[in-house]
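See structure below.
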Amino acid sequence: MSQVLVNGLFLGCLFAVVAVGLTLVYGVMEVPNFAHAGVIVLAAYATWAAGDAGAPFALAALAGIACGAVVSVLTEVLAYRWVVDKPAASPAVALGLLLILQNTALRGYGGAGRSLDTPYDTVLFRIGPVTLPGVKVALVLLAVLSLAALHLLLSRTSLGRAMRAVAQDREAAAMLGVPIRRQYTLAFLIAGLLGGVAAIAYAPTFQVSPYMADDVLLSAFVVVVLGGLGSVRGAVTGALVLGVAESLGSAYVSSAYQSAFGFLLLVLVLVRWPSGLRSTDARRVA
Amino acid sequence: MRSRTAAALLAAGSIALSTTACGPGSGPGGDDTKVKVGAILSMSGVYSTLGPAEKNAMTMGVEELNRTGFTVAGRKHTLEIGYADDKSDPATTGVVALRDMTQSQKLPVIAYGLGSATYVPQLRRKPVPMINILDSSYPSVLAQDPHLYLTRGGSDTYVPGCLSYTKQKLGTKSIAVITAKGEPYGEGLTQLVQKSAQAEGVKVVATSDYPLGSTDYGNAINTAVAAKPDAVYLSSVTGVILPVLKQLRQSGWTGPVLHSSGVNPDQARAILGNQFNTLMKDNYDCAGTLPTTSAHPATAAFAKAYQERWHEYPQDLTMWAYDYPFIVAAAMTEAGSTTDPVKIDRALGAISIPKGTVSGWLPNPGDLLFTDHGARTTSEVTTWCPATQTIASAMTFDHRDGAIVDQVFAKDACG
Amino acid sequence: MLTVEDLTVAFGPTTAVRGVTLHAAPGTVTGILGANGAGKSTTLLGIHGRVPRSSGRIVLDGQDVTGHDTRALVRAGLALCPENRRLFPGLTIEDNLLVGAHGQGRKVRRQRLRGIYDRFGWVHARRAEPAGRLSGGQQQTVAIARALMSDPRLVLLDEPSSGLSPVAVDEVGEALRDIARAGTAVLLVEQNVRLVRQLCSTAWVIAHGEITAHGTVAELFAAGAVSDAYLGKATVPPDSGS
Amino acid sequence: MPASSTARHAAALGPVAAVSVLAHVLLIGFQGEAGQLTLLAVSWTIALTGLNFVQGIAGYPSLAQASFFGGGAYLSAILLDHGLPAALAAALAVGGTMLAGLVVGLVFSRTRGQYFAIGTMFFTAVTTLVFTNAADWTGGPDGRPVGLGFPLDTTLLLLAGSLGLGLAAFHLLAGTRFGARLRAVREDEDLAQHLGVPTARVKLVAIVVSAGFGAWAGVLFAQYNGVVAPSQFTFVQSFLMFVAIGIGGAGRLFAPLVGSVLVLGLTQLVNFGPGVSQIVLGAVFIAVTLVAPHGVLGVLGALWDRIRTKAVTA
């Protein structure tokens, strides 16, 4: 049981890092960023390629995170920016971008999975009956560190304040002279950095492949809706709840339907609250 | 309203245009002496560890066959293989390729790797003999349609070797099984492991599974390891089980790992990464004999030639793929036809082991290659040798009437 | 000193504001009066670059700021306090104020914050509360304070009294008088006649998107220009007041 | 019926009949890969005609259509295996899928915009999970063979006939009060609700109708293909269907046909190597969304209008 809960925690941390990137972008720009999965994939491949070329892991990881940031910003500059006034068009653009990013990975590296090696691959911690593989401990650490950094950025800096203001009332922020476009880019930059962190945090436990982030992205969207579109704090809470729920369901009901438990949760929430747990009017990036 | 008409015509026109652009192929070709047959292989996708190696081997087989050619109804012929990629998805891409090969190109024989069941409805509409060079799933693919042939023994001929070997050599008394759910080969293996564990008196202390395509096997691995087995068996093919092996080792399991995936050193390195030698320690693979470990001189010579030409480790399936052209040639000679699928189908059941083949088939009663549409080779257990970073044969055996026979142990597998 | 010349704003085929020319002097509150839909708010938004202008020149203290985007206008000293206050309800009061000084250095932000707190003592006491919890009048005060955080030479105010109790309206009026007395120009769009009479020295009357009258508030009321404008009858010629 | 109305119907239904006949000719004439493309284009057009109500007229971004398509295909295959007559199996498969559509509608028709897209996307993700994992029924990830209930000739006739009848039904329904209400939902849902349009019920009906079209297309696709597999009905397929409607020109009669042909042509025909055709597709779709929000038919319609006006004024 405790091992299942710990697994749920690992899963929750992964969901949190991905979901916070999604919710931030949604909060600021109202875009359901399906292409985030593609950002994660390219970041993972960048890390793998740098490692394969002989770079030490830390350097390769930084390359991966940087790649995630660059790709994410490019999606905003080249595509999303142009549909900001047409919210109905954004799901379509998001999905088009996902196709492009995933298949760029497929084109560049083929469909076969590749292994991402880390220095902590074979490290293992044991606490009573619970085993903590090094890669998963690293995942939790990376998640906690990056989310703490984001929290500081949002609550303590002028940029973060402006971003929260834009998420609450884009027009009012614009009237006060806050440069809105820069906030869009910044949101995508942060989401991309988090996507890069997610990639290096969990690729080592599995494989780098063009479709590695599909399941995670679906679960992260459940989290975003659970936590309220645009709410960072809600996303973190929702991620932990969903991680534990999926882990419990997978351990005690059926592992094959792991992501369906998240869906069930989503349906229950949407039946009761058709526009998510928090309505978009009160959405906040905080 | 006229724009609507125009749109309809435009759409209809573009269907017509696009379909003629890639319309039916030119058929068997003008050169009478050249015979074209088909091969549907997994060149990309999850099973892309299989297709390219199969194609390499077939290329070698065709070249070797065509050096002398083969005679049908008194005329010399050469062979050509038309390849198609099923993208590891026979039901979607493979079936289209099959329709194209049998209906448009009218090819008389098709070789393939995966997806027997999905081809059956199409075979009902347009029967043609299909030779499987890979799929040893249990229950056998041969039960699905009378036009299917299998060039190797089924899983039931080699899985019992795993249990027999580990019990005798490692003292394994209990085992946990982790299965890729919904993957037919893996599910068949799990059934067979349970059967032969019972026969050997080995206890199956845990069975767990994970959905194919999932990324976190934590729960399945925990269930297996928590039962404290002497060994863990992983059910499925190379590309699927190696990521599980990695997480299994990462979770702290240091005991023996058994499987029937036919993993070779190149794949281990590619999929497991730099740590592959550590991760592969204490690893046992029970499957058909490998070209590299075979005692058969023709097979060993093929293994060497393959390695020299393609600079990669020959998997077991390469020998069956290499032999495909020879089987086709023998059947066409026997049938006296290069075009009639019905005659060739009948002939396949009547040919003996063709000259020039390298698989080292075990002779069947009546000296036929196929008995009940199946051919058989010896099975073996291989083990990983960390010192040389490669695999070596630990035991060869055959399986007859539900019992392991002709067991031969290697003295010191890793030398 | 703000001078607006020949401002025209069109949304597609409909022209909302046509050829508006007006000015506002420092140290005074200048009113823009007119009926609902006459184009008052559009004029403010047009000055502030929030709606596309098809013609017009905007000069602030001798500097032509016509081509500037909103951000540059705010930097040049033109602040807008929008209709319905538009505070960020989830942000604290202090954060709301700080967004008003976005792009300024830390030191400048602190200094202006201190200025606001000196002027509105209760704001300092409640600075850590989410702005959404304040009453309407308090929100309006914070919204004005937020506009002041950019240290403007001119504040554009859109309907500050709407939805407020009479007591709250008086408080807002008091605050605006203070601001004007400190030397800032205030351009006020307002429906509340009492507030206009209390605050404004001069006013411009708009009807159907055009300026129809200008003069001191007392003159305009005496001439009936205001009541005509509110009733939708724009009979007074544009130059009659000045 | 007034003469102008008759002319309007004739102008729409004439081309529909022509397309239907042409589809039959192509289905018979082509085999192999060309045959597959034709099959997909025809069955997608039938399925997308249903989607054109929800996404096209009402403007609701539904990503559930591939699961309805798959529902019809799988259900009919399973029922045929249980020995039911082909027609009954097909009818039950369509009915069952419409029931699933009703559930989807009840859950999600209260949600708006992007919540609707996310919700229906999840529905497809879950049906794919079921198709993949309920191996006893569905054959698992590698799919299952389909018992051939109709002779091939009948299947081809049904495909071509359904294409024409489906489009005709769309044309006629779009002109009824139901169509007007769907348009009202698209224009301004709150206003429509205010004016007494039962928006939730209208959306629900549209979703159930789209499920029916999708399921029937799935039945026919399965009959021709002889095998169904999860990969044919994934969230990506749902997305491509969604894209097809957008590219074609949401809400327009021939959008399903034009969209299917363009999307399938790009994915199946243009073989630049693995992945590239998908990249091109993604880029084309983004470009169409940005440049021509009313799709190819929208652009053609506008061009035609301009030419006609010029001709009149000249």
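So you know, we letter chains A, B, ... as the sequences are listed, proteins then strands, and number each from 1. Computed from heavy atoms alone, side chains included, the values below leave out hydrogens, waters and symmetry copies.
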Legend entry - Salt-bridge criterion met for C/Arg110 and C/Glu94 (N-O under 4.0 Å): yes

Inset, instruction - Examine whether an atom of C/Leu45 lies under 4.5 Å from a heavy atom of chain A, and if so say whether it belongs to the side chain, the backbone or both; otherwise answer neither. - result: side chain

Legend entry - Choice from C/Thr70, C/Leu80, C/Val74, C/Asp95 maximising heavy atom contacts with chain A below 4.5 Å: C/Asp95

Inset, instruction - Would you tell me whether A/Arg81 and A/Thr185 have side-chain atoms, one donor and one acceptor, within less than 3.5 Å of each other? - result: yes

Inset, instruction - State whether the number of non-hydrogen atoms from other residues, nucleotides or ligands found under 6.0 Å of A/Arg182 atom CZ is greater than 12. - result: no

Legend entry - Pick from C/Arg85, C/Arg109, C/Arg75, C/Arg106 with the largest number of heavy-atom pairs that fall under 4.5 Å of chain A: C/Arg109

Inset, instruction - Measure the acute angle between the ring planes of C/Trp204 and C/His23, then classify it against the limits of 30° and 60° as parallel, tilted or perpendicular. - result: perpendicular

Legend entry - Best-contacting candidate, C/Arg146, C/Met149, C/Arg86, C/Gln104, against chain A by heavy atom pairs under 4.5 angstrom: C/Arg86

